[in-house]
Amino acid sequence: SSGTSGINGSSGSSGTSGTSGSSGTSGSSGTSGTATQASSLAKYSNTAQTILPSTDTIVDWNTVDTANSQGNTGLTFTSSNRFTNSSGESCIVNIDGYISWANGATAGTTRSVFIVKNSASPSQPRYSYNSISANDDYPVTHFSSTLTLANHDYFEVYVFHNELTSQNI
(Lines give C-alpha, C1' and ligand atoms only; values in the text may rest on other atoms or scores of the structure.)
Protein backbone atom coordinates (compact mmCIF):
# COMPACT_ATOMS: atom_id res chain seq x y z
CA SER A 1 0.00 0.00 0.00
CA SER A 2 1.13 3.48 -0.62
CA GLY A 3 1.27 6.31 1.73
CA THR A 4 -0.71 9.51 1.30
CA SER A 5 0.66 12.33 -0.68
CA GLY A 6 1.26 15.66 0.90
CA ILE A 7 -0.67 18.81 -0.01
CA ASN A 8 0.79 20.94 -2.69
CA GLY A 9 1.25 24.56 -1.88
CA SER A 10 -0.54 27.23 -3.87
CA SER A 11 1.21 28.95 -6.73
CA GLY A 12 2.04 32.62 -6.51
CA SER A 13 0.22 35.12 -8.68
CA SER A 14 1.80 36.50 -11.85
CA GLY A 15 2.65 40.16 -12.08
CA THR A 16 0.86 42.52 -14.50
CA SER A 17 2.32 43.31 -17.88
CA GLY A 18 3.71 46.77 -18.54
CA THR A 19 2.23 49.04 -21.24
CA SER A 20 3.81 49.38 -24.67
CA GLY A 21 5.01 52.74 -25.87
CA SER A 22 3.08 54.58 -28.56
CA SER A 23 4.10 54.23 -32.22
CA GLY A 24 5.68 57.16 -33.99
CA THR A 25 3.97 58.96 -36.82
CA SER A 26 4.65 57.90 -40.40
CA GLY A 27 6.46 60.26 -42.72
CA SER A 28 4.73 61.89 -45.64
CA SER A 29 4.60 60.07 -48.97
CA GLY A 30 7.10 61.02 -51.63
CA THR A 31 6.09 62.35 -54.99
CA SER A 32 5.07 59.82 -57.58
CA GLY A 33 7.47 59.14 -60.43
CA THR A 34 6.62 59.93 -64.00
CA ALA A 35 4.83 57.07 -65.70
CA THR A 36 6.89 55.69 -68.56
CA GLN A 37 5.98 53.86 -71.70
CA ALA A 38 8.29 51.48 -73.48
CA SER A 39 8.97 52.84 -76.94
CA SER A 40 9.32 50.68 -80.03
CA LEU A 41 9.80 51.20 -83.73
CA ALA A 42 8.77 48.30 -85.97
CA LYS A 43 9.35 48.22 -89.72
CA TYR A 44 8.85 45.62 -92.45
CA SER A 45 8.89 45.34 -96.21
CA ASN A 46 5.67 44.68 -98.07
CA THR A 47 7.37 44.05 -101.42
CA ALA A 48 9.96 41.53 -102.60
CA GLN A 49 13.55 42.78 -102.68
CA THR A 50 16.02 41.20 -105.12
CA ILE A 51 19.44 40.39 -103.62
CA LEU A 52 22.34 40.07 -106.06
CA PRO A 53 24.77 37.14 -105.69
CA SER A 54 27.70 37.54 -103.26
CA THR A 55 26.81 41.15 -102.49
CA ASP A 56 26.23 42.69 -99.06
CA THR A 57 22.84 44.37 -99.51
CA ILE A 58 21.03 46.68 -97.12
CA VAL A 59 17.47 45.55 -96.34
CA ASP A 60 14.68 47.81 -97.58
CA TRP A 61 12.26 48.50 -94.69
CA ASN A 62 9.48 50.32 -96.55
CA THR A 63 6.53 50.15 -94.13
CA VAL A 64 5.97 51.16 -90.50
CA ASP A 65 4.28 48.42 -88.47
CA THR A 66 1.86 50.70 -86.63
CA ALA A 67 0.50 47.85 -84.50
CA ASN A 68 3.94 47.36 -82.95
CA SER A 69 5.33 50.92 -82.91
CA GLN A 70 4.68 53.30 -80.03
CA GLY A 71 6.24 56.19 -78.15
CA ASN A 72 9.41 58.00 -79.17
CA THR A 73 12.50 55.82 -79.60
CA GLY A 74 14.75 58.77 -80.44
CA LEU A 75 15.60 57.01 -83.73
CA THR A 76 15.22 58.64 -87.11
CA PHE A 77 14.66 56.34 -90.08
CA THR A 78 16.01 57.52 -93.42
CA SER A 79 15.12 56.60 -96.98
CA SER A 80 18.53 54.89 -97.19
CA ASN A 81 17.24 52.34 -94.61
CA ARG A 82 19.41 53.68 -91.81
CA PHE A 83 18.20 53.92 -88.21
CA THR A 84 19.98 56.95 -86.61
CA ASN A 85 19.98 57.97 -82.94
CA SER A 86 18.79 61.58 -83.06
CA SER A 87 17.77 61.80 -79.39
CA GLY A 88 20.62 64.12 -78.38
CA GLU A 89 22.05 61.55 -75.97
CA SER A 90 23.36 58.01 -75.82
CA CYS A 91 20.76 55.24 -75.88
CA ILE A 92 20.54 51.45 -75.80
CA VAL A 93 18.58 49.76 -78.57
CA ASN A 94 17.35 46.19 -78.82
CA ILE A 95 17.25 45.17 -82.47
CA ASP A 96 15.35 42.03 -83.37
CA GLY A 97 13.80 40.64 -86.51
CA TYR A 98 13.95 38.11 -89.28
CA ILE A 99 14.44 37.89 -93.02
CA SER A 100 12.24 35.52 -95.00
CA TRP A 101 13.93 34.24 -98.16
CA ALA A 102 12.18 32.86 -101.24
CA ASN A 103 12.41 29.09 -101.72
CA GLY A 104 14.46 27.47 -104.46
CA ALA A 105 18.14 28.08 -103.80
CA THR A 106 20.85 25.55 -104.57
CA ALA A 107 21.83 23.07 -101.87
CA GLY A 108 25.20 23.91 -100.34
CA THR A 109 24.74 27.67 -100.57
CA THR A 110 23.96 29.93 -97.60
CA ARG A 111 21.85 32.95 -96.78
CA SER A 112 22.94 35.41 -94.13
CA VAL A 113 21.76 38.47 -92.21
CA PHE A 114 23.75 40.85 -89.99
CA ILE A 115 23.59 44.26 -88.32
CA VAL A 116 26.14 46.99 -89.08
CA LYS A 117 26.85 49.95 -86.79
CA ASN A 118 28.35 53.22 -88.14
CA SER A 119 29.89 51.75 -91.24
CA ALA A 120 29.36 52.62 -94.87
CA SER A 121 31.16 49.40 -95.72
CA PRO A 122 29.55 46.44 -93.95
CA SER A 123 32.80 44.48 -93.72
CA GLN A 124 33.26 45.51 -90.04
CA PRO A 125 31.84 45.59 -87.47
CA ARG A 126 29.05 43.05 -87.84
CA TYR A 127 26.61 42.16 -85.09
CA SER A 128 24.27 39.19 -84.85
CA TYR A 129 25.68 37.48 -87.95
CA ASN A 130 23.42 34.54 -88.73
CA SER A 131 23.51 32.13 -91.68
CA ILE A 132 21.32 29.25 -92.77
CA SER A 133 21.67 26.57 -95.39
CA ALA A 134 19.79 27.51 -98.56
CA ASN A 135 18.26 24.07 -98.98
CA ASP A 136 15.79 24.63 -96.12
CA ASP A 137 12.13 25.00 -97.08
CA TYR A 138 10.75 28.42 -96.13
CA PRO A 139 14.18 29.73 -95.14
CA VAL A 140 14.25 32.41 -92.43
CA THR A 141 17.29 34.10 -90.92
CA HIS A 142 16.91 35.69 -87.49
CA PHE A 143 18.89 38.67 -86.19
CA SER A 144 19.04 40.09 -82.67
CA SER A 145 21.48 42.40 -80.93
CA THR A 146 21.63 45.05 -78.21
CA LEU A 147 23.73 48.08 -79.14
CA THR A 148 24.67 51.31 -77.40
CA LEU A 149 24.29 54.21 -79.80
CA ALA A 150 25.86 57.58 -79.07
CA ASN A 151 24.00 60.57 -80.48
CA HIS A 152 24.19 60.40 -84.31
CA ASP A 153 25.32 56.73 -84.30
CA TYR A 154 23.29 54.52 -86.61
CA PHE A 155 22.67 50.92 -87.59
CA GLU A 156 21.59 49.10 -90.74
CA VAL A 157 20.53 45.52 -91.48
CA TYR A 158 22.25 43.69 -94.34
CA VAL A 159 21.73 40.37 -96.13
CA PHE A 160 24.08 38.22 -98.20
CA HIS A 161 23.89 34.94 -100.13
CA ASN A 162 26.36 32.96 -102.19
CA GLU A 163 23.93 31.53 -104.74
CA LEU A 164 24.92 31.98 -108.42
CA THR A 165 21.68 33.81 -109.25
CA SER A 166 19.76 36.63 -107.52
CA GLN A 167 17.49 35.68 -104.63
CA ASN A 168 14.43 37.44 -103.21
CA ILE A 169 13.63 38.33 -99.63
Would you confirm whether the ring centroid of F83 sits within less than 6.0 angstrom of the ring centroid of F77? yes
Distance in Å, L75 CG paired with R82 CZ, rounded so as to fall on 0.5 Å steps: 13.0 Å
Approximate separation, where rounding is to 0.5 Å, of W101 CH2 and S112 OG: 7.0 Å
Nearest heavy-atom pair of A102 and P139: which atoms, and what distance? O-CG, 3.9 Å
Please say whether more than 12 non-hydrogen atoms of neighbouring residues, nucleotides or ligands are located less than 6.0 Å from OH in Y98. no
Could you check whether any side-chain N or O of E163 sits under 3.5 Å from a backbone N or O of T106, counting only pairs where one atom can act as donor and the other as acceptor? yes
What heavy-atom pair brings N151 and G88 nearest, and what distance separates the two atoms? OD1-N, 2.9 Å
Please identify which of these residues, V59, N168, I58, meets the side-chain contact (heavy atoms from CB on, under 4.5 Å) condition with Q49. V59
What is the distance from atom CG of D153 to atom CG of N118, rounded to the nearest 0.5 Å? 4.0 Å
Would you say the side-chain atoms of N130 pair up with the backbone N or O of T141, donor to acceptor, closer than 3.5 Å? no
Are I115 and Y154 connected, step by step, through hydrophobic side chains (Ile, Leu, Val, Met, Phe, Trp, Tyr) whose heavy atoms are closer than 4.5 Å? no
Under 3.5 Å, side chain of K117 to main-chain N/O of L149, donor-acceptor pair present? no
side-chain contact (heavy atoms from CB on, under 4.5 Å) assessment of V64 paired with K43: CA-CA 5 Å; V64 174; K43 302 276 291 184; 3.7 Å; yes
Shared ILVMFWY cluster between I99 and F114, side chains joined below 4.5 angstrom? no
Single-linkage hydrophobic cluster, 4.5 Å side-chain cutoff, V113 and I132 together: no
Taking every heavy atom of S145 against every heavy atom of Y127, the minimum-distance pair comes out as OG-CB, 3.7 Å
Spacing of CG belonging to N62 relative to OG belonging to S79, to within rounding of 0.5 Å: 12.0 Å
Please report the C-alpha distance between T84 and S86 in whole Å, then the side-chain angles of each, then the deciding distance to 0.1 Å, and finally whether the side-chain hydrogen bond (donor to acceptor under 3.5 Å, both in side chains) criterion is met. CA-CA 6 Å; T84 302; S86 56; over 6 Å; no
Here the gap from N85 atom CG to F155 atom CZ, rounded to the nearest 0.5 Å, amounts to 10.0 Å
Show the numbers, then the answer: is there a side-chain contact (heavy atoms from CB on, under 4.5 Å) between L147 and I95? CA-CA 8 Å; L147 301 177; I95 307 160; 3.6 Å; yes
More than 12 heavy atoms of other residues, nucleotides or ligands under 6.0 Å from NE2 of H142: yes or no? yes
Mind checking whether V116 and I51 sit in one hydrophobic cluster, side chains of I, L, V, M, F, W, Y counted as touching below 4.5 Å? no
Calculate, to the nearest 0.5 Å, the distance between atoms OH and OG1 belonging to Y158 and T57 respectively. 9.0 Å
I'd like to know if the side chain of Q70 and the backbone of A38 have a donor-acceptor N/O pair within less than 3.5 Å. yes
Please tell me whether V159 and F143 are part of a single hydrophobic cluster in this structure, the criterion being side-chain heavy atoms less than 4.5 Å apart. yes
Would you say S54's side chain and N162's backbone share a donor-acceptor pair under 3.5 angstrom? no
Has the side chain of T55 got a donor or acceptor atom that lies under 3.5 Å from a matching backbone atom of P53? yes
